[in-house]
There are 2 protein chains.
Amino acid sequence: MAVTTTYHKEDLRADLLRVGHAYVAASGHEGLSVRKLAAHAGVSPGAPYHHFPDKRTFLLAMAKEGFDELWERGSAIRAQAGSPIEVLTELAYAFFAFQAEKPRLVDLMYESELTRPIIDPLIVTEQLRAYALLRGAIEDAIPGMADGEARARTVAFWSAIYGYASLVGKGLLQPLASDGETSFQTWRDALVRQTVAAAILENTSDFKR
Amino acid sequence: MAVTTTYHKEDLRADLLRVGHAYVAASGHEGLSVRKLAAHAGVSPGAPYHHFPDKRTFLLAMAKEGFDELWERGSAIRAQAGSPIEVLTELAYAFFAFQAEKPRLVDLMYESELTRPIIDPLIVTEQLRAYALLRGAIEDAIPGMADGEARARTVAFWSAIYGYASLVGKGLLQPLASDGETSFQTWRDALVRQTVAAAILENTSDFKR
DNA sequence: CTCGTAATCTGATCACTGCTTAGATCATAT
DNA sequence: ATATGATCTAAGCAGTGATCAGATTACGAG
């Protein structure tokens, strides 16, 4: 006879995450509904609730996969240890690359119902881990900094990198380029050079009170 | 006999915007529904659709009021003309102040269904106006820059300011401060000083290709 | 091999959402 | 006074997140 369609799925949880990532990559997290998700996974509308208590929890699971991948890329860069300047530069470009590859996933991670009106604790945790990575790279360049200075330098670095990637993600920077990709790369390279330099300059006078 | 309740409202459109701003300020744009809006304005669920074709259009009208206020504050700062360093510094702090006063409105303006998955043309327009303001302030400091350099400096400046404000708005920076407001202000001041300095330094070597 | 238990899935249902539409009400100009 | 057009109500549509009773299946204990 015909192939018996399984009633119990192989691993519905993993299927849902797979389907979810595909949907988000294609259309963003805004239009994603539990019903569409279930339909794409070939399952009834209520089934996903046996694997995730909430829609929010499901989105959080997807976001976590994104943060994990980002973390792996970042810690790999730091592990293969070049000079501090090289490490910071590569970290910046790695974030831009991730944002370019999966812009809609980055939206989910940083700008979604998971971050508004109040941010989810898990995302705060992920962010602290990334903060520690950046701070470590900066402290490699300037050993023995006071706590406040290290914080200020890390925050300034991350603000510029995140801000730029975020604006690019919104499509708020391309329209300014009349000469296309060329100048687009030029700003980015200049911004990275500036930001890395500012994070690493030995002159600490700006941070003393 | 009793007071005749008016059937036609005085100015429902303005009332809706007022009510909308109050709701967003209190709870954010996420939970705002046309029905709640109508109820708060004392009107039937379908009434708002005679003044705004869409929910999106309504949100856009609210966002535009925010951009207009921001623009007025910014152009006032530039009009009262101090040194370029003072102007850029005050512009940065003005944006932080606006974000601190109306964080939920800033969410609506920069991180909402109006900016995702694709950004609304009106917001791009508003952003270009603000970009021109910043660029002008930077060009006051360094006259006669090449186009690419002016762009790169402006983009880098705006990226850092926006990125920092955005992270603060998400509550992603406070948790890092163990000593409260003091160090919080310290990072911010250091970031502004760094960013303004980088935007204005005469050394153009970083921008030549 | 049987059978009970727990996990999984279906299908119906609830309150809520954005939006549409027919018809009632009102202001205003002629 | 009356007609025109703007405004509003009330009902209803499809789609949403979430719940739940009952059907189906896997699996371990006897």
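The sequence lines fix the lettering, A, B, ..., with proteins before strands; numbering per chain opens at 1. Quantities reported herein were computed from a predicted structural model and do not represent experimental measurements.
B:Lys55 is linked by a side chain to side chain donor-acceptor pair (under 3.5 Å) to nothing, counting only residues two or more places apart in sequence or in another chain. For A:His51, there are no side chain to side chain donor-acceptor pair (under 3.5 Å) partners, not counting sequence neighbours. Applying the salt bridge (Lys or Arg N to Asp or Glu O under 4.0 Å) test to B:Arg78 and every residue at least two apart in sequence or in another chain returns B:Asp140.
When rounded to the nearest whole Å, the span between CG of B:Leu37 and P of D:dC8 equals 13 Å. Atom pair A:Leu16:CG and C:dT8:P shows a separation of 12 Å (rounding to whole Å applied). Taking atom CZ of B:Phe52 as the reference point, atom P of C:dC19 lies 13 Å away to the nearest angstrom. Distance CG (A:Leu12) to P (D:dT25): 16 Å, rounded to an integer number of Å. Atom-to-atom, CD of A:Glu30 to C1' of D:dG15 comes out at 16 Å; the value is rounded to the nearest Å.
For the atom pair CD (B:Glu126) and CG (B:Leu60), the distance works out to 9.0 Å, reported to the nearest 0.5 Å.
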Could you pull out every donor-acceptor pair under 3.5 Å between side chains of residues 91-106 of chain A and any protein atom, sequence neighbours left out?
| residue | atom | partner | partner atom | Å |
| --- | --- | --- | --- | --- |
| A:Tyr93 | OH | A:Asp189 | OD1 | 2.5 |
| A:Glu101 | OE1 | A:Arg73 | NH2 | 2.9 |
| A:Glu101 | OE2 | A:Arg73 | NH1 | 3.2 |
| A:Lys102 | NZ | A:Glu69 | OE1 | 2.8 |
| A:Lys102 | NZ | A:Glu69 | OE2 | 3.4 |
| A:Arg104 | NH2 | B:Pro117 | O | 3.2 |

Which donor-acceptor pairs under 3.5 Å do side chains of residues 21-37 of chain A form with protein atoms, sequence neighbours excluded?
| residue | atom | partner | partner atom | Å |
| --- | --- | --- | --- | --- |
| A:His21 | ND1 | A:Leu17 | O | 3.1 |
| A:His21 | ND1 | A:Glu65 | OE1 | 3.3 |
| A:Tyr23 | OH | A:Gly31 | O | 3.1 |
| A:Tyr23 | OH | A:Lys36 | NZ | 3.3 |
| A:His29 | NE2 | A:Glu111 | O | 3.3 |
| A:Glu30 | OE2 | B:Arg116 | NH2 | 3.4 |
| A:Ser33 | OG | A:Lys36 | N | 3.1 |
| A:Lys36 | NZ | A:Gly31 | O | 2.8 |

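Projected onto DNA chain C by closest heavy-atom contact, A:Gly42 and B:Tyr49 fall at different nucleotides, the more 5' of which corresponds to A:Gly42.
Considering only side-chain N and O atoms, A:His51 lies under 4.0 angstrom from the phosphate OP1 or OP2 of C:dC9. One finds no side-chain N or O of A:His50 lying less than 4.0 angstrom from the OP1 or OP2 phosphate oxygen of C:dT10.
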Check: protein-nucleotides 15-17 of chain C nitrogen or oxygen pairs below 3.5 Å:
| residue | atom | partner | partner atom | Å |
| --- | --- | --- | --- | --- |
| C:dT17 | OP1 | B:Ser33 | OG | 3.2 |

